[in-house]
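Note that the coordinates shown come from a computational prediction; the quantities given were computed from them, not determined experimentally.
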Amino acid sequence: MSKPMRSVLSISLLSALVMGATVAQAQELRVGISSEPSSIDPHYHNLGPNNSLVRQVYEPLVSQGPSQELKPGLASSWQPIDDTTWEFKLRDGAKFANGQTVTVDDVIATMKRVPNVPRSPASFAQFINGMTFEKVDDKTLRVKTAKPAPLVPTFLSVVAIVSKDCAENMTTEDFNAAKCLGGSGPYQFKEFKPGDRTVMILNPNYNGPKPDWSEVTFRYLTSGPTRVAALLAGDVDVIDNVPPTDIAKLRSTKNVNVTDTLSNRVIYLHMDQFRETSPFITAKDGSPIKNPLLDQRVRQALSKSINRPAIVDRIMDGAAEPAEQVLAKNFFGTSKTLQPEKYDLKAAQALLAQAGYKDGFKLKMHGPAGRYTNDTQIIEAIAQMFTRLGLEVEIETMPPSNFFSRASTGANGQPEFSMIMAGWGAGTGETSGSLRSLLGTNDKSKGSGAANRGRYSNPALDAKLNQALATVDDKKRAVMLGEASDIAFTDLGIIPVHFQRNVWASQGNFTVEARADEYTLPSGIKKK
């Protein structure tokens with residue numbers, strides 16, 4: 001009798017353990033995020049909130065770790081074949097959520113779609129410009145370039161792969177309706193409700209590490225106090241973008257964890273530098289004047305009038321650092337000589353007078369409301385500082401989706417505003433992509449200036465960037481990119497304000513992997 005009893009007990013215990021494991025794995029994760037995505041079409045808009053969501057559904061060939069180091073993604077390996085050819089091997093057993101096996105045909109179809117997404121506010125085309133994609137076999141892809149291109153794996157780490165069917169037959173509206181089951185990541189989209197939430201469920205055919213969560217709900221809680229209240233009330237498990245004023249309080253709160261790291265995001269001002277008469281700039285009496293932002297002395301005056309340490313201390317409560325370029329100096333390819341502009345109102349006023357604007361001018365600034373940490377307070381503070389300089393300043397903020405559309409293309413295909421405050425996260429983890437997107441001459445055919453909303457153009461910068469992007473030697477390329485940064489920010493193609501710190505808070509039994517790219521990935525959230 002004893003042996004059968006032990007067998008029954010063993011079987012019962014095993015069943016309980018298996019069921020317990022299933023229950024443990026079949027958990028819902030609830031995340032409160034500060035910024036609403038404009039779409040879940042992975043190729044529509046190169047925007048942080050969009051990229052963070054789609055990363056777990058549509059995999060890139062190459063993945064990025066928390067410090068943006070390159071890791072295997074849909075490709076298990078890659079290597080240069082010669083100076084102008086890279087070869088990628090797709091992961092064995094990779095399948096889309098619809099059960100179809102991932103092949104090189106899907107990758108090639110994706111790359112054809114990327115530059116042709118209608119009405120894209122910031123295209124991913126810049127990352128694949130100059131590349132041709134060739135099939136060797138179903139699992140082997142070769143990427144060819146006309147010149148040596150050391151950043152091919154880096155650039156491809158930001159381009160999500162979808163099935164050939166989705167790439168060829170689905171519109172952005174279809175993607176937003178969660179009709180595409182052509183993702184190979186751990187999750188698939190269940191629903192996308194603008195203004196409310198995005199829900200993901202497991203991809204039943206994912207062949208990577210088993211996800212911890214069976215369902216993940218991202219709630220759009222754009223108000224900082226609302227996010228904190230939701231966390232403390234237990235309505236969500238994790239929140240991103242903790243308001244700086246609440247960081248100390250949450251660190252001292254029992255059963256709450258706080259995690260942070262320096263961001264790859266710079267908050268900056270983009271200025272109209274292509275129109276002789278700018279639509280939101282006039283003399284103080286309202287009469288037309290030549291666009292003063294075309295004058296470097298005016299841009300320098302504006303930069304000197306910004307008290308960056310005050311913004312960091314009083315508005316960001318220390319959760320930021322004054323910025324002098326697109327990335328902090330610990331990232332690859334930054335200038336080691338540039339320093340944050342010192343606040344000097346007298347020098348700023350003198351420069352403005354030298355440029356012929358002693359009495360100032362009237363300016364209307366635009367920005368998003370609820371996209372970046374304390375964005376409305378920041379633009380209000382900068383407007384006050386410009387007022388002390390002698391300008392008459394008005395501000396207008398609007399929902400991010402409306403703002404980015406108007407700031408990028410407007411009604412006539414050109415940026416609509418005279419000056420904007422925005423933010424930029426370096427998707428590639430080095431300066432080349434940021435400089436090329438924000439400050440490269442706007443040229444869709446060359447993949448340059450995709451997010452250049454001021455249409456700044458500097459041939460010396462373009463030449464230095466092109467030289468760096470064709471340099472295989474990392475040390476030499478880093479020097480060239482530093483020189484490119486010197487060119488761009490001595491001329492003030494954009495005015496950098498500060499770098500954010502990325503801060504998450506979670507229930508005490510959860511841990512969050514802090515990432516430089518601001519992404520809140522379910523794979524980086526664990527429950528003790």
Less than 4.0 Å between a side-chain N and a carboxylate O, is that true for [Y] and [X]?
X: Asp41; Y: Arg113; value: yes
X: Arg515; Y: Asp517; value: yes
X: Glu341; Y: Arg299; value: no

4.5 Å side-chain heavy-atom contact, Glu518 and Ser52: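 In short, these two side chains do not touch, never coming nearer than 4.5 Å.
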
Residues that Asn452 engages under side-chain contact (heavy atoms from CB on, under 4.5 Å), provided they are two or more places apart: His270, Tyr456

For the atom pair [atom1] ([X]) and [atom2] ([Y]), what is the distance rounded to the nearest 0.5 Å?
X: Met419; Y: Met365; atom1: CE; atom2: CE; value: 5.5 Å
X: Arg453; Y: Thr409; atom1: CZ; atom2: OG1; value: 9.5 Å
X: Met480; Y: Ser432; atom1: CE; atom2: OG; value: 13.0 Å

What ring pair (Phe, Tyr, Trp, His ring centres under 6.0 Å) pairs are there with at least one residue in residues 272-313, not counting sequence neighbours? Phe280-His366

Assess whether side chain to side chain donor-acceptor pair (under 3.5 Å) is satisfied between Asp443 and Thr441, documenting all intermediate values. CA-CA 6 Å; Asp443 188 334; Thr441 298; over 6 Å; no

Walk me through whether Thr110 and Lys112 qualify under side chain to side chain donor-acceptor pair (under 3.5 Å). CA-CA 5 Å; Thr110 294; Lys112 288 181 180 178; over 6 Å; no

Applying the side chain to side chain contact (heavy atoms under 4.5 Å, CB included) test to Val326, which of Tyr268, Phe489, Phe331 qualifies? Phe489

